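Take a look at the structure set out below.
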Amino acid sequence: LVGLFREENARLQGIAANELTLTLTTGPGVEIREIVGQSYVVPQPQIRLWLGDLSRGEERVVVVRLSVGPHRGGAMVELLDGTLTYRDPRTRTMVDHHAVFLSARAETNMALLAEAIDPAVEREIESARAAALTLEAVALYRQGNDLDAKEMLQQAAPLAAEAASRLDDERLRSQVDEMEQLAGELESTEGAAGSGSASGPLPAPRMEQRRAKVVRKAHENAMVNFQAHKH
């Protein structure tokens, strides 16, 4: 009965995998410089990422920035090997699945390198970067560092806006709008503290409620960009 209950519960919830862990192993001379929006355990060359649960019909995007040493033109370079480990929600047993092996050909022609850039990958990179910076700004705000949070957003929003225009990405444009709104809210509340306008600042409870709503929305939407995307 326990097994049947687990299987039915997993079916109703639409969970395809529990406790998803991605293990990344770098190739020779390759170093992981950043995993956007993710914390990871060193040392390299093997890093484990905790990704939580995954529902059916969804995909999770992990953006990894690599540093690769010099190679002669035309050489094949081993970049990254990825293995997924997860718990089957029906049987509760652990499953190991070799997810991906990535390699690339070294190229000395810069024009060919520029042509090889995948716009879909670039969109995911920029979206993840904008979400990570938004979450970092929210964390700074919640620690009481309003000024640092505002400056981070003011520096990041124009770069994200440029990427949104270059890639013609509506999702990224929406993220830019939220970054600017959050920065504006932090700026307005900072100015309101010393405001000498005729109308006066908003009452403290109302101002705090408005600020909390903007921060909560920005945090929730940024987190969505690190969660699974529906097919």
Side-chain angles (χ1 to χ4, degrees), residues 1-69 71 75-107 116-132 134-136 167 169 171-172 175 220-231:
L1 289 177
V2 172
L4 290 174
F5 174 77
R6 284 175 178 165
E7 184 172 352
E8 180 65 10
N9 190 49
R11 185 187 67 79
L12 291 173
Q13 292 182 352
I15 301 297
N18 294 117
E19 304 171 26
L20 195 67
T21 300
L22 175 62
T23 301
L24 302 176
T25 304
T26 56
V30 178
E31 180 183 354
I32 293 178
R33 302 299 299 273
E34 178 187 13
I35 302 176
V36 178
Q38 299 278 358
S39 58
Y40 52 90
V41 179
V42 294
Q44 295 187 27
Q46 192 172 82
I47 287 176
R48 290 181 174 84
L49 300 176
W50 169 259
L51 301 179
D53 298 336
L54 193 67
S55 298
R56 294 184 181 88
E58 293 181 332
E59 64 179 8
R60 186 145 313 180
V61 176
V62 178
V63 177
V64 183
R65 187 164 66 93
L66 302 174
S67 173
V68 184
H71 290 78
M76 291 303 298
V77 184
E78 298 177 17
L79 296 176
L80 203 63
D81 186 76
T83 301
L84 286 172
T85 303
Y86 62 92
R87 188 179 299 278
D88 188 309
R90 296 170 299 174
T91 64
R92 306 303 297 167
T93 58
M94 297 302 297
V95 179
D96 289 331
H97 174 65
H98 184 263
V100 65
F101 172 76
L102 297 178
S103 62
R105 181 171 57 85
E107 179 57 66
I117 293 176
D118 187 339
V121 174
E122 288 293 299
R123 291 187 183 97
E124 293 293 348
I125 291 171
E126 296 297 341
S127 177
R129 183 173 291 145
T134 300
L135 292 174
E136 190 174 347
L167 297 168
D169 187 359
R171 181 176 64 163
L172 190 52
Q175 289 177 265
E220 290 174 354
N221 290 342
M223 286 298 296
V224 167
N225 288 284
F226 292 125
Q227 301 301 316
H229 304 301
K230 282 286 186 183
H231 280 296

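Computed from a predicted structure; not experimentally measured. Each residue takes its place number in the sequence, starting with 1.
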Notebook entry, point to check: Between A128 and V63, what is the shortest heavy-atom contact and its length?
Noted result: CB-CG2, 3.8 Å
Item checked: Over all atoms of both residues, closest heavy-atom pair of N18 and P89 -> OD1-CB, 3.2 Å
Next item on the list: Return yes if some donor-acceptor pair links the side-chain N/O of R48 with the main-chain N/O of T23 below 3.5 Å, else return no.
Entry: no
Item checked: Ion pair R171/E124, N-O distance below 4.0 Å -> yes
Note to self: Tell me the closest heavy-atom pair linking S55 and I15, and the distance in Å.
What the structure shows: OG-CD1, 3.8 Å
Checklist line | Reported CH2-to-CG distance for the pair W50 and L20, which is rounded to 0.5 angstrom | finding: 8.5 Å
Next item on the list: Of all the heavy-atom pairs spanning T93 and T91, show the shortest one and how long it is.
Entry: OG1-OG1, 2.7 Å
Check: So, the side chain of D53 versus the backbone of E19: is there a donor-acceptor pair under 3.5 Å, distance only?
Finding: yes
Notebook entry, point to check: Quick one: are Q175 and T134 in side-chain contact, heavy atoms under 4.5 Å?
Noted result: no
Next item on the list: Calculate, to the nearest 0.5 Å, the distance between atoms CG and CD belonging to L66 and E34 respectively.
Entry: 11.0 Å
Notebook entry, point to check: Would you say the side-chain atoms of E122 pair up with the backbone N or O of I117, donor to acceptor, closer than 3.5 Å?
Noted result: no
Next item on the list: Any chance you could measure I35, atom CD1, to I47, atom CD1, to the nearest 0.5 Å?
Entry: 5.0 Å
Note to self: Using a 3.5 Å distance criterion without hydrogens, assess whether the side chain of R123 forms a donor-acceptor pair with backbone atoms of D118.
What the structure shows: no
Notebook entry, point to check: Is any side-chain heavy atom of L49 closer than 4.5 Å to a side-chain heavy atom of T21?
Noted result: no
Item checked: Closest approach of L172 to A130 (non-hydrogen atoms, all atoms of both residues) -> CD1-CB, 4.0 Å
Notebook entry, point to check: Do the side chains of I32 and V64 get nearer than 4.5 Å, heavy atoms only?
Noted result: yes
Check: Can you tell me how far CG of L51 sits from CG of L22, rounded to the nearest 0.5 angstrom?
Finding: 5.5 Å
Margin query: Could you tell me if the side chain of D169 sits less than 4.5 Å from the side chain of E126, heavy atoms only?
Written below: no
Notebook entry, point to check: Would M94 and T85 satisfy side chain to side chain contact (heavy atoms under 4.5 Å, CB included), going step by step from the backbone distance to the final call?
Noted result: CA-CA 7 Å; M94 297 302 297; T85 303; 3.6 Å; yes
Notebook entry, point to check: Q46 and T25: side-chain donor and acceptor closer than 3.5 Å?
Noted result: yes
Notebook entry, point to check: Side chains of L135 and M223: does their closest heavy-atom pair fall under 4.5 Å?
Noted result: yes
